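None of the values given here were measured: they were computed from a predicted structure. Convention: sequence-line order gives letters A, B, ...; per-chain numbering from 1.
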Protein chains: 2
Amino acid sequence: MLPSPFNELDKNAYAAKTYDEGEFVFRQNDGPYSIYFLQTGIVQLERHTAHGDKVIIHRASEGQTFAEASLFSEAYHCDAVTITHSQIIVLQKSAILNAMRTNLHFAETLTARFAHQVQAYRHSLEIRSTRPAIERVYTAIAQGMLTSDVISLATEIGLTHEATYRALSELIAAGRIRKTARGKYSLA
Amino acid sequence: MLPSPFNELDKNAYAAKTYDEGEFVFRQNDGPYSIYFLQTGIVQLERHTAHGDKVIIHRASEGQTFAEASLFSEAYHCDAVTITHSQIIVLQKSAILNAMRTNLHFAETLTARFAHQVQAYRHSLEIRSTRPAIERVYTAIAQGMLTSDVISLATEIGLTHEATYRALSELIAAGRIRKTARGKYSLA
DNA sequence: TCCATTATATGATCGAAATCATATTTGAAC
DNA sequence: GTTCAAATATGATTTCGATCATATAATGGA
């Protein structure tokens with residue numbers, strides 16, 4: 001349920017909590033006390049500038065952890081607000097830091113998790129910079145990114161699903177991919 | 001010169017190397033032996049699919065490290081090719097893993113580095129998804145992202161410099177920002 | 001089984017940003 | 001001081017993808 005290495009933590013190192021839409025999970029300059037695993041829902045991380053402008057830093061979605069960097073800072077640097085009703089596992093910062101210091105395997109697995117996330121985000125940025133859309137979709141198919149449905153893929157690569165469906169049609173017409181089933185495609 | 005915590009490594013844990021344009025820094029399925037700090041130049045990470053398509057995973061630019069995730073894998077999963085003549089510091093994987101296991105401070109600083117990179121990439125993805133361009137540029141200015149020149153900012157936020165200059169003009173016309181000097185702007 | 005919802009798919013239109021072009025300003029190099 | 005390159009800036013045009021619309025097929029629940 002919890003992603004590795006957090007599943008190795010002692011049970012009392014974390015607790016499940018539910019939040020209504022619009023609740024604050026934490027506030028800028030608070031704590032930081034915890035990092036978070038979002039089981040269901042959406043949480044938005046926002047910062048307020050000196051001029052009062054709201055800046056959205058990140059939108060966390062289901063299955064993601066957030067506020068990891070607060071493990072290494074003296075305060076949260078943004079607000080976290082639930083956009084929908086959300087179920088969140090709250091992981092004690094102190095417990096994680098302690099596990100990092102006393103459990104070499106935990107420490108290494110956590111570092112690996114972050115390193116792989118860096119890799120994945122770089123990849124995401126790269127594919128989102130691929131233009132035009134037809135090449136972006138082709139690249140995504142070539143990499144086997146169409147694992148669930150086309151709409152999810154579209155979101156992942158930063159296109160509307162309409163643009164993605166159109167690109168898929170054009171790729172078929174050009175003989176570059178084949179349709180193997182409804183919503184399933186493979187390279188020609 | 002080397003970003004923290006790599007500057008704490010023993011001198012013989014790394015070595016500077018120069019590569020001509022088009023040279024391979026490493027190849028898919030090799031090693032992995034090392035991670036890399038790119039001092040000057042551009043390095044492209046590419047993968048080849050079963051169908052022979054080249055997929056660009058990431059373009060590393062000056063001042064960045066790359067292939068960090070290979071610390072935790074049994075082989076490089078892509079090729080690294082220099083796009084321009086490049087100066088690279090090659091850091092021994094074994095030395096880094098050793099430092100992680102024997103030096104708690106090194107381990108924690110490395111984990112923090114990755115966590116902060118995750119945070120930065122999430123932020124980058126978020127701002128790049130901000131539409132229209134004028135709001136993206138405003139958000140960037142509000143966050144103080146214009147630290148060097150407009151062209152660099154444009155690249156950072158995923159716009160052409162023309163679009164960025166135009167957005168800046170419109171923001172001035174709308175009274176939302178002020179021009180403080182050539183190429184310098186602040187919130188109105 | 002029927003109904004509601006979601007995914008798939010394509011058509012039409014529009015607008016935003018890329019592209020191409022050009023001028024000016026500035027700073028660095030010689 | 002002059003030259004050259006790079007950054008700043010704006011204009012004209014085009015194109016790509018977003019948006020809005022609509023239809024069908026599949027899926028899950030009552």
Exercise for review: Could you pick out which residue, A:R136 or B:S152, lies toward the 5' side of DNA chain D when each is mapped onto its nearest nucleotide?
Suggested key: B:S152
Review point. Does the side chain of A:E23 come under 3.5 Å of the side chain of A:T82 through a donor N or O and an acceptor N or O?
Key: no
Review point. When the distance from NE2 of B:H161 to C1' of D:dT8 is rounded to whole Å, what number comes out?
Key: 9 Å
Check your understanding: Quick one: does A:R166 reach the base of C:dG11 with a side-chain donor-acceptor pair under 3.5 Å?
Key -> yes
Study note, to complete from the structure: A:L171 CG to C:dA9 C1', in whole Å, measures 15 Å
Study note, to complete from the structure: Contacts of A:R131 and A:A181 projected onto DNA chain C by closest heavy atom; the upstream (5') one is A:A181
Point to revise | Integer-rounded Å distance: C:dT25 C1' and B:K184 NZ | key: 15 Å
Review point. Hey, are the side chains of B:R122 and A:Q117 touching, using non-hydrogen atoms and a 4.5 Å cut-off?
Key: yes
Revision key, fill the gap. Taking C:dA18, D:dA7, C:dA16 as options, the one with an atom nearest any side-chain atom of B:T160 is C:dA18
Review point. Just how far, in rounded Å, is P of C:dA7 from CG of A:L168?
Key: 16 Å
Point to revise | A:Y165, nearest nucleotide to its side chain (from C:dA9, C:dA18, D:dG17) | key: C:dA9
Study note, to complete from the structure: Sorted by chain and number, sequence neighbours left out, salt bridge (Lys or Arg N to Asp or Glu O under 4.0 Å) with A:E108 holds for B:R101
Practice item. Check every strand shown and say whether B:L159 touches a base, only sugar-phosphate, or nothing at a heavy-atom separation below 4.0 Å. Key: sugar-phosphate
Check your understanding: Out of C:dA18, D:dA18, D:dC16, which has the shortest distance to the side chain of A:P132?
Key -> D:dC16
Practice item. Confirm from the modelled atom types if B:R182 and D:dT8 form a donor-acceptor pair under 3.5 Å, side chain to base only. Key: no
Please output the side-chain donor-acceptor pairs of residues 165-172 of chain B that fall under 3.5 Å, not counting sequence neighbours, one pair per line with the distance.
{"residue": "B:S169", "atom": "OG", "partner": "B:Y165", "partner atom": "O", "Å": "3.2"}

Practice item. Compare the minimum distances between each of C:dA17, D:dT10, C:dT8 and the side chain of B:E162, then state the nucleotide with the smallest one. Key: D:dT10
Exercise for review: Verify whether the ring centers belonging to B:F26 and B:Y36 lie closer than 6.0 Å.
Suggested key: yes
Study note, to complete from the structure: From CG of B:L153 across to C1' of D:dA7 the rounded distance in Å is 13 Å
Point to revise | Distance in angstrom units between B:Y185 OH and D:dA7 P, rounded | key: 15 Å
Point to revise | Short side-chain N/O contact to C:dT10 OP1/OP2 from A:S169, under 4.0 Å | key: yes
